[in-house]
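Heads up: the structure comes next, in structure tokens.
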Amino acid sequence: MGVVVGPRVIDAGASLLSVLISPVAVAAGYPSPAQDYFDGRIDLNEHLIKDITSTYVVRVSGDSMEGAGISDGDELIVNRALEPVDGSVVVAVLDGELTIKRLRITSTGVVLQAENPSYPDIRVPSLSDLIIWGVATRCLHHV
């Protein structure tokens, strides 16, 4: 089961990183004529984070979300201000335990769905304590 380990607050005054950006897309198939210059810098805060006051980075532990492209050790950018909807990847607190799953809202109740067939979906019993802690907006995947 994916477990969140220590959310980190992103300080509004600190820049994550300002990196150079290429003016053209780079082909992942056959090489294209090279553009060997860069067109300035991009601020990753502006590119990845919509609301810095409610955004956290959480590290993923486990492989239950691999089918969604979320692997063990990846970091998720999670926005606590977003309204979770059916299909959102969420950080949920179920009976005091943190987990990362896809939220499914069905006519029979709420399901926290794993994205790996080795893990069962979690049907949330009506008497359980479920808090949707935040909605994942980006996955920082290690290559």
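In what follows, every heavy atom counts, from backbone to side chain, and hydrogens, waters and symmetry copies are set aside. If you're wondering where the values come from, they're calculated on a predicted model, not measured in any experiment.
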Can you tell if the side chain of Trp133 reaches within under 4.5 Å of the side chain of Val58, non-hydrogen atoms only? yes
Using the rule that two of Ile, Leu, Val, Met, Phe, Trp, Tyr join whenever any of their side-chain heavy atoms come within less than 4.5 Å, decide whether Ile132 and Val111 are in one cluster. no
Qualifying salt bridge (Lys or Arg N to Asp or Glu O under 4.0 Å) pairs with a residue from residues 114-134, counting only residues at least two apart or across chains: Arg102-Glu115
Spell out, as yes or no, whether a donor-acceptor pair under 3.5 Å connects the side chain of Ser71 to the backbone of Asp74. no
Under the side chain to side chain contact (heavy atoms under 4.5 Å, CB included) test, which residues partner Leu94, sequence neighbours left out? Leu112, Ile122, Val124, Ser128, Leu130
Minimal heavy-atom distance between Ala114 and Tyr119, with the atoms involved, is CB-CB, 3.7 Å
Quick one: closest heavy-atom pair of Ala81 and Asp51, and the distance? CB-OD2, 3.8 Å
What verdict does the side chain to side chain contact (heavy atoms under 4.5 Å, CB included) test give for Val57 and Leu76, after you've listed the backbone C-alpha separation in whole Å, the side-chain angles of each residue and the deciding distance to 0.1 Å? CA-CA 6 Å; Val57 174; Leu76 296 179; over 6 Å; no
Of all heavy-atom pairs linking Gly62 and Asp72, the shortest is N-OD1, 2.7 Å
Under the side-chain hydrogen bond (donor to acceptor under 3.5 Å, both in side chains) rule, what pairs show up with a residue in residues 76-91, not counting sequence neighbours? Ser54-Asn79
Is there a side-chain contact between Glu75 and Val60, using heavy atoms and a 4.5 Å cut-off? no
Do Asn116 side-chain atoms and Asp63 backbone N/O form a donor-acceptor pair below 3.5 Å? yes
Atom of Ser64, atom of Lys101 and distance for their closest heavy-atom approach: OG-NZ, 3.0 Å
Val89 vs Ile70 side-chain heavy atoms within contact, under 4.5 Å: yes
Is it true that Met65 and Val93 fall in one hydrophobic cluster, defined by side-chain heavy atoms closer than 4.5 Å? yes
Heavy-atom distance under 4.5 Å between the side chains of Val78 and Val135, does that happen here? no
Step-by-step side chain to side chain contact (heavy atoms under 4.5 Å, CB included) determination, Leu48 to Thr55: CA-CA 10 Å; Leu48 298 175; Thr55 299; over 6 Å; no
